[in-house]
There are 2 protein chains.
Amino acid sequence: MSNIKDFSSKLRNSGLRPTKQRIKICEILFNKEKTFHFSINELAQIISKETVDKISLATIYNTVQAFLKKGYLKEISINSDKSYYDTNTTNHHHFYDEDKKELIDIDYEEVEPVIVKKVPPSKKIKSIEVLIKVQNR
Amino acid sequence: MSNIKDFSSKLRNSGLRPTKQRIKICEILFNKEKTFHFSINELAQIISKETVDKISLATIYNTVQAFLKKGYLKEISINSDKSYYDTNTTNHHHFYDEDKKELIDIDYEEVEPVIVKKVPPSKKIKSIEVLIKVQNR
DNA sequence: TATAGAGATTATAACTATTCTAAACTAGAA
DNA sequence: TTCTAGTTTAGAATAGTTATAATCTCTATA
Ligand SMILES: [Mn+2]
Ligand SMILES: [Mn+2]
Ligand SMILES: [Zn+2]
Ligand SMILES: [Zn+2]
């Protein structure tokens, strides 16, 4: 369980000033039992529920971008109209529930590692993402 | 090599009136040697190059949606700033070249089939997509 | 501790992709 | 040929995101 002090130094250590907005967002994102997936709007709603001083949408976008660049978040590509982010930055894949419009983590052991026999010339692999779309049987 | 007659009946058979706009779009999409990937804007540019009578953007969107629903196209989920479509509707996966911003088909034999040991309760798999992001070595 | 200035926040404008609307047009059944 | 459901179209509307530029704040240093 991290506290404000920890987030301050984590931010400072990565070259980001520990402002009260960023610390609040850290608490919401990284102080949870479980990792989770969110869209910017969902995050904005959580923030507005959990805080009195509002944080502007621009700051939420800026902060998520900053955390993404630092590797504290991952961006998930669903067939989509908006971006989704993941507080689970380990290697893992996803189910996407088309009925509930919901992402579900797949434990890495639940899918055999993807074996790639050949990559395009002079390219290296940056990431491998498996997205399994599911719907009601 | 299909001709206009073929596209007309293909369209008619799927309950779509063979309009000149749709036939033109069929020619551009399905009369090629190779399958390919495109965004709506790229398609619009190809159309404007290859035809004198312009086709409205709305019609291009409508037509791509219709073809998608009929299964003549697949939608590809890359990092989601816009939608990409694929004239290759067989099961296959993709490299995404982050430098050239370009999708490359992976032959199905080049990646071992993805084995999923468990799906969420009362769900069935609709699709399995592997996206391998690559960049210059 | 006070100060200066780089870095951060903010409201709002701008932008882009996509969908909606409603009027005009057209394929094709009868 | 006529009629009408289906289609196209320009343009408006919407949604997500990024840019702008004024204001604010964190913190290094005097
Ligand atoms: Mn979509
Ligand atoms: Mn993005
Ligand atoms: Zn996840
Ligand atoms: Zn493809």
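Keep in mind that what you see is a predicted model, and the values were worked out from it rather than measured.
Toward the 5′ end of DNA chain C lies the nearest nucleotide of A/Thr63, the other residue of the pair B/Glu75 and A/Thr63 mapping further downstream.
When the P atom of C/dC25 is taken as reference, atom CG of B/Asn62 falls 18 Å away, rounded to whole Å. Between the NZ atom of A/Lys69 and the C1' atom of C/dA8 there is a distance of 14 Å, rounded to whole Å. When the P atom of D/dG6 is taken as reference, atom CZ of B/Arg22 falls 11 Å away, rounded to whole Å. One interatomic measurement links the two molecules: NZ of A/Lys54 to P of C/dT12, which rounds to 9 Å at whole-angstrom precision. What separates CZ of B/Phe38 from P of C/dA17 is a distance of 15 Å, to the nearest Å. Rounded to whole angstrom, the span from the CD atom of B/Gln45 across to the P atom of C/dA17 amounts to 11 Å. Here the P atom of nucleotide D/dG6 and the NZ atom of B/Lys70 are 12 Å apart, to the nearest Å. As a whole-Å value, the separation of B/Leu11 CG from D/dT7 C1' is 12 Å.
With B/Phe95 as the aromatic partner, A/Lys118 does not meet the cation-pi criteria of under 6.0 angstrom to the ring centre and within 45 degrees of the ring axis.
Side-chain atoms of A/Gln135 and B/Lys124, non-hydrogen and from C-beta on, do get closer than 4.5 Å to each other.
Residues satisfying the side-chain contact (heavy atoms from CB on, under 4.5 Å) test with A/Lys69, not counting sequence neighbours, are none.
Between B/Lys24 and B/Asp53 there is no salt bridge, since no side-chain nitrogen of the basic residue lies less than 4.0 Å from a carboxylate oxygen of the acidic one.
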Which atom pairs, one a donor and one an acceptor, fall under 3.5 Å between side chains of residues 71-78 of chain A and the rest of the protein, sequence neighbours left out?
| unit_1 | atom_1 | unit_2 | atom_2 | d |
| --- | --- | --- | --- | --- |
| A/Tyr72 | OH | A/Ser14 | OG | 3.0 |
| A/Lys74 | NZ | A/Thr90 | O | 3.1 |
| A/Glu75 | OE2 | A/Ser83 | OG | 3.0 |

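Here B/Ser56 does not reach the OP1 or OP2 of D/dT8: none of its side-chain N or O atoms lies under 4.0 Å away.
Screening A/His93, A/Lys34, A/His37 for a side-chain hydrogen bond (donor to acceptor under 3.5 Å, both in side chains) involving A/Asp105 leaves a single residue, A/His37.
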Per-nucleotide protein contact along nucleotides 14-30 of chain D, 5' to 3', at a 4.0 Å heavy-atom cut-off (B base, S sugar-phosphate only, - neither), is --SBB------BBS---
